[in-house]
Structure formats: C-alpha cells, structure tokens
Amino acid sequence: MSLNAEEIQHIARLARLKLSDAELERYRPQLEGILDYVGQIQQVADSAKTPSSSLSINTNVTRTDEVTCIPGETAREKFLSPSAMRDGEFLKVPGVFET
Amino acid sequence: MDLTNLTIGRIHEGLLHKDFSAQELTKEYLERIKNKNPSLNAFLAITEKEALASAKEVDSQIAQGIPVNPLTGVPTAVKDVIITKGIKTTAGSKMLETYSPPYDATVIEKLKEEGYVLLGKTNCDEFAMGGSNENSGFGPVKNPWDQSRVPGGSSGGSAAAVAADLAPYALGSDTGGSIRQPASFCGVVGLRCTYGSVSRYGLIAMASSLDQIGVFSRTVEDAETVFNVIKGHDPRDATSISPPPLKVRGGGGSYDVRGLKIGIPQEYVGSHWDAEGIENGVKKRVQEAIAVLEKLGAEVKMISLPHAPQALATYYVIVPSEVSSNLARFDGIRFGGVKEIHTSAYFRDKAKRDDPRQSALIEWYEQQRSHGFGPESKRRIMIGTHALSSGYYDAYYKKAHHVRLLLREDFAKAYQDVDVIACPTSPTVAFKIGAKANDPLAMYLADIFTVAVNLTGLPGISLPCGFAPAPDDDTGSPLKKGETRRGGVELPVGLQLIGKHFDEPLLFRTGKAYQQATDHHLKTPPLS
C-alpha cells in the first residue's frame with residue numbers, strides 16, 4: 001500500500017514522533033514495503049471463533065484494592081528520583097496549552 | 001584449577017568441594033569480561049562492585065556451612081531489558097540512558113534469593129526489537145565466532161557473553177525469537193519458555209502478549225536448572241500461570257527418547273526439505289541432528305501447519321501494534337529521557353520551535369521520542385500506530401488475531417499426532433554486520449521459523465547442532481580493503497525444538513538426549 005507524505009506525518013503526529021523531510025523519504029518505502037508484506041493476511045479467511053488479544057488462559061485476574069502505606073520520604077524519593085524534571089515534590093513539565 | 005568453560009553444575013560442585021571460592025570465580029569472569037568486552041561490546045554495564053560483594057556473601061555462607069543451592073554463587077549476565085534496582089537499565093536505548101530502576105524484576109528477586117552474582121547488563125537491540133543487535137543505541141555486538149558478523153538479536157549481548165565464556169549462563173528475552181535466534185548464531189542453548197511461565201514483572205515491555213524472559217547456557221541441564229528457579233506464578237504479573245501438573249510419561253530416565261514423535265513442518269522446510277531460502281549448510285546440520293534423534297529411537301514425520309506461511313505477517317502486525325502502545329510511556333518525564341534535551345532550554349523558547357503555535361509539551365514529546373528512539377523503534381511504532389488507527393484496525397489488527405487463533409489451532413491439531421516439533425532455528429548462519437541494515441523486511445525474514453512459537457505461546461529451545469560455512473565466504477567474493485578472511489569460517493547452526501504448552505520437561509529430556517550423543521555444544525569460539 002502506498003503512503004503519501006501527509007499520511008506518514010499524520011501517523012508520526014499520533015505517535016508523537018517528529019520526522020524531517022529526509023527521514024520521511026527514508027521511511028516511506030520501508031513502511032510501504034512492510035505494510036505490503038503484512039497485508040497478505042487479508043487473504044486469510046476469518047476463524048470461526050472469536051479471537052482474544054491475550055494468550056493467557058487466565059481471565060479477569062483481580063486483587064483487592066488495598067491501600068499500602070510506605071512510610072515517610074522513601075516512597076516519594078523512590079518514585080520521583082528517576083525523573084530528570086523533578087522540582088521539589090513535583091515534576092515540572094512544559095505547558096500543554098502554551099502557545 | 002581450570003576455570004574455563006564451566007557449567008552451572010560444575011561451578012556448584014566446585015564451590016561445595018572448595019575447588020575455588022565464589023570470589024575467585026567472579027574475579028576470573030570479570031577479568032575475561034574486561035579483556036574481551038572492548039571488542040565484543042556484549043556488556044553495557046559491568047557491575048564489578050556488586051558482583052564481588054555478592055560473591056563475598058556466598059563465600060561466608062559456605063564457610064558457615066549454610067547449604068547452597070544450584071545457582072548460589074554462580075555468576076550471570078542479564079539482558080538490559082530486565083530491570084535491576086539501582087543498576088542502570090537502558091533497554092539498549094538512548095531513551096533510557098540515565099535510567100536507574102527503583103525496583104528489581106521478579107526474576108532478579110528470585111535469583112537474589114538464590115545468592116546469584118551479577119556480572120553485568122548485556123547489550124541488546126533497542127527495546128528488544130531486532131534480529132542482529134545492530135539496533136542498539138550503544139553499538140552492535142560482535143559474534144565471538146567471527147567478529148565481522150552479528151551475534152543475532154535481540155539478546156545478542158547475552159548470547160555472545162555465554163558463547164565467549166564471559167558468563168556460564170545469561171538471561172534474555174524472547175518475543176519473536178530473540179533468545180533462540182542468537183543462541184543459534186552463537187552456538188549456545190537458548191530457551192524460550194511457555195508464555196506465562198516466567199513473570200514479566202520488571203521486564204521492560206515490548207509486546208506484552210508475546211514477551212517472555214528466558215535463558216542462555218552451554219547445556220540443556222543448565223537451562224533446566226535456571227528455568228526451575230525463575231519460573232512460577234507471580235501475582236504481580238496477571239498473565240503468569242502456574243504450570244498445570246503434567247501427565248508423567250512412561251519410558252526410561254531423563255535421556256530416553258524412544259518412541260518420541262517428532263514432527264517437521266513442511267511449510268518451513270518444504271515437503272522434501274526443498275524449501276528455498278534455507279542455506280544448504282543449515283539444512284544439512286539440522287537433518288543430521290534429527291537423524292541423531294531418530295537413531296536414539298524417535299520417530300520422525302512431516303506435519304502441516306497450514307497458516308505458518310502467514311505467521312510472520314501476523315507477527316509484524318500484532319507486535320508493532322503492542323509496541324506502539326507499550327512505548328507510548330516513554331516521554332522523558334517520569335523516567336529516562338535524552339540528556340541533551342533535558343538540559344537544553346530551547347523548548348521554552350518559542351522562536352526555536354519548528355511550529356511556534358504548537359504546545360510546548362507536544363514539542364517536548366516529539367523531540368524526546370525522535371532523539372531517544374532509533375529507526376527500528378520508530379518504524380515499528382509507526383506501523384503499529386497505523387494498524388490500530390481508525391479505518392485500519394479491522395483490516396490489520398483484528399484480522400491478525402484471527403490468523404493467530406488459526407495458527408494456534410494448527411499447532412493443537414499437529415500435537416495430536418506428534419510430541420515435539422523440530423526445524424532449523426534460523427534459515428541462515430550469522431550474517432555480516434551491516435548486511436541487512438538497510439532492508440528491514442530482509443531482517444524480519446530471519447525470524448521466519450521462530451515467531452509462530454511466540455504467537456502461540458508455546459515453549460521453544462534452540463540447541464547447537466553443528467557448524468556450516470558462511471555462504472558469502474564460499475562464493476569466493478573478493479576481499480574488501482582491510483578485510484582479512486579466516487578461510488572458510490565455520491559458523492554455528494541451531495536446531496529448534498518446539499513443545500506443547502508447559503511441556504518444557506519434554507524439551508529438556510530431548511535436548512539432554514541429543515547433547516549426550518553429540519558434542520557441538522562443547523565447542524568454543526577460537527581465541528581472538
């Protein structure tokens with residue numbers, strides 16, 4: 001299947017990727033080739049049963065919603081420390097509405 | 001005492017009989033890693049301090065007469081998609097170049113309880129996507145058998161580490177063949193377990209309905225030993241399952257394969273072993289391997305898996321779809337992120353943005369992800385985004401699940417006639433670094449015999465079954481400038497055995513029988 005520049009940019013936008021014009025030209029034939037190849041599954045008739053997206057034989061694995069309290073600073077440190085955008089007790093991110 | 005080419009079994013004995021201490025052993029492996037890693041690039045991080053501390057702990061345990069388990073004090077290497085608390089974990093990607101996990105994966109917790117010794121984290125294709133380890137954000141890994149060639153992927157670092165005797169065993173992950181294929185290219189054993197048998201908690205997710213952690217080792221016994229430790233139900237992984245109790249088979253000891261029924265899929269090798277695309281050397285070695293099993297009493301027949309020809313296409317719809325979802329979390333905010341972008345102030349300056357009207361946050365996401373991900377990750381994210389998007393979902397994603405179900409039914413039907421399925425692990429031996437870099441589809445075709453296992457959740461093991469010359473050396477192609485040819489270099493070939501769900505014990509029994517009758521797994525790469 002063929003993809004034009006607009007369609008690829010649309011996909012990139014959905015995926016939050018930015019492609020330069022050079023990259024677009026490099027990826028376009030590769031993506032077209034892959035989509036052509038995988039398109040062969042269209043020729044296969046649907047199965048009689050309804051497929052599920054999981055391989056697991058489990059269904060609806062649940063656990064009770066328990067509040068566990070991890071004392072003091074440790075929990076906060078543990079979850080904030082991997083972030084490079086930490087600002088005290090918060091993560092400071094660029095504005096979503098900023099224009 | 002000679003500390004080369006030790007198996008887990010021999011290490012355990014050696015520690016018990018005080019032939020060597022855990023610290024001596026660990027120092028030996030660390031020394032070897034320091035010598036060979038600059039050329040192989042198998043390790044992204046070498047955890048010397050942690051390794052020696054663990055080894056010291058084990059030695060004191062032994063001195064106090066506390067009983068040791070089979071994996072106690074045994075050094076290992078772990079693929080960098082498995083998180084290790086406090087130890088940098090990158091998934092082979094610049095997106096996580098600064099990431100230090102705040103917790104351990106379940107498999108790491110289990111190994112820690114056994115007293116394992118972590119030598120380091122191994123290199124891999126970025127986010128486990130690839131068949132050659134050339135997609136790593138930190139450089140390719142070299143195949144210890146021929147350093148101009150790939151070790152396979154995505155767990156190339158772990159495979160190379162075990163092949164080069166830098167670790168007696170290593171952990172990897174397998175979503176489409178990422179353990180079995182590099183095991184085949186590097187001449188080691190590679191085990192991919194039944195889906196659900198090893199917890200995925202702490203495995204950086206690539207395609208959640210196909211990912212499984214598995215093992216590289218020199219022998220089937222070793223793979224079995226590690227599997228028995230890392231397997232098990234984990235309430236933190238909702239897809240993990242405790243294996244149902246299996247019917248105990250009749251027959252002799254663990255090496256008996258008399259009456260074992262082996263099926264060879266005609267869609268893979270051709271009804272008369274005449275399929276195109278499989279190198280002659282690979283065909284011959286795999287046929288010989290199956291003949292060994294026949295001689296030991298197994299019965300061999302051709303079987304049919306009618307939807308096998310569509311398995312690869314199905315895989316490359318489902319996996320990119322799951323990848324596009326799983327990699328959406330990488331935005332450089334809560335963890336990870338590309339260093340230069342974090343430290344630059346450009347995104348606050350409207351004048352520097354490509355589209356000044358765009359929100360700064362969206363721009364942030366785009367810059368982080370465009371710089372943090374490599375080409376293969378981007379390709380798969382885009383294919384998946386497209387396949388899941390409105391107007392295409394039915395034709396691609398939904399359709400692929402129908403084919404996946406049909407494939408499962410094919411295997412279930414085949415297993416009414418046979419006990420185990422055999423075929424080559426890969427259609428080729430290790431190819432040259434760069435040979436497929438510009439052709440993603442050619443790279444995908446390397447997985448043609450492995451992906452069905454992941455789509456169906458079955459267990460698979462690759463066993464070293466001999467060597468074959470590389471076809472590009474055979475054609476007598478002229479030497480490139482600066483290239484030295486090691487005339488007719490022989491490269492490892494892998495035999496793949498596929499079992500029924502939770503039938504790892506049968507795979508182990510068959511593998512052990514094969515390794516008792518052959519010595520391919522004992523061969524080691526030439527010293528460079």
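Chain identifiers are assigned alphabetically (A, B, ...) following the order of the sequence lines, protein sequences preceding nucleic acid strands; residue numbering begins at 1 within each chain.
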Under 4.5 Å to a heavy atom of chain A? For B:S324 that would be neither

Heavy-atom closest pair (A:I41 atom, B:Q310 atom, distance to 0.1 Å) is CG2-O, 4.3 Å

- Message: Can you confirm whether B:Y99 sits close enough to A:P82 that some side-chain heavy atom of one is under 4.5 Å from a side-chain heavy atom of the other?
- Response: yes

Under 4.5 Å to a heavy atom of chain B? For A:L80 that would be neither

Ranking B:L327, B:I383, B:I381, B:N438 by heavy-atom pairs under 4.5 Å to chain A gives rank one to B:I383

dist B:L405:CG -> A:K49:NZ (nearest 0.5 Å) comes out at 6.0 Å

When the 4.5 angstrom heavy-atom criterion is applied to B:Y315 and chain A, the contacting part is neither

Working for side chain to side chain contact (heavy atoms under 4.5 Å, CB included), residues A:R13 and B:I362
CA-CA 9 Å; A:R13 198 81 212 285; B:I362 305 293; 3.4 Å; yes

What one should report as the nearest heavy-atom pair of A:G33 and B:L441 is O-CD2, 3.9 Å

Ranking A:H10, A:Q30, A:Q43 by heavy-atom pairs under 4.5 Å to chain B gives rank one to A:Q30

Okay, B:F330 and chain A: the region with an atom under 4.5 Å from a heavy atom over there is neither

Of B:E409, B:E322, B:R379, B:H307, the largest count of non-hydrogen pairs under 4.5 angstrom with chain A goes to B:R379

Are any of the side-chain heavy atoms of B:Y396 and A:V38 separated by less than 4.5 Å? yes

Whatever's closer than 4.5 Å to a heavy atom in chain A on B:L445 counts as side chain

Honestly, the part of B:L361 sitting under 4.5 Å from a heavy atom of chain A is both

d(A:I34 CD1, B:M382 CE) to nearest 0.5 Å is 9.0 Å

field: Pairwise side-chain contact, B:R369 with A:K18, heavy-atom cut-off 4.5 Å (strictly under)
entry: no

Okay, A:E23 and chain B: the region with an atom under 4.5 Å from a heavy atom over there is side chain

Most heavy-atom pairs under 4.5 Å with chain B, out of A:S47, A:A45, A:S20, A:P29, belong to A:S47

Bottom line for A:Y37: the part with an atom under 4.5 Å from chain B's heavy atoms is both

Between A:Y27 and B:P375 the two heavy atoms that sit nearest each other are OH-CA, 3.2 Å

Counting heavy-atom pairs under 4.5 angstrom with chain B, the leader among A:A12, A:S83, A:G39 is A:S83

Applying a strict 4.5 Å limit to non-hydrogen atoms, the region of B:I333 in contact with chain A is both

Quiz item: Under a 4.0 Å N-O cut-off, is there an ion pair linking B:K399 with A:D46?
Solution: yes

So, the part of A:T50 with a heavy atom under 4.5 Å from chain B: the answer is backbone

CZ of A:R16 to CZ of B:F373, rounded to nearest 0.5 Å, is 13.5 Å

Assert top hit (heavy-atom pairs under 4.5 Å, partner chain B, pool A:Q40, A:Q42, A:R63) equals A:Q42

Whatever's closer than 4.5 Å to a heavy atom in chain A on B:A400 counts as both

With chain B, the option among A:L14, A:L91, A:L35 that has the most non-hydrogen atom pairs under 4.5 Å is A:L35

Whatever's closer than 4.5 Å to a heavy atom in chain A on B:L312 counts as both

- So does A:D21 have more than 12 non-hydrogen atoms from other groups sitting under 6.0 Å from CG? no

One should read off an interatomic distance between B:F335 CZ and A:F79 CZ, to the nearest 0.5 angstrom, of 12.0 Å

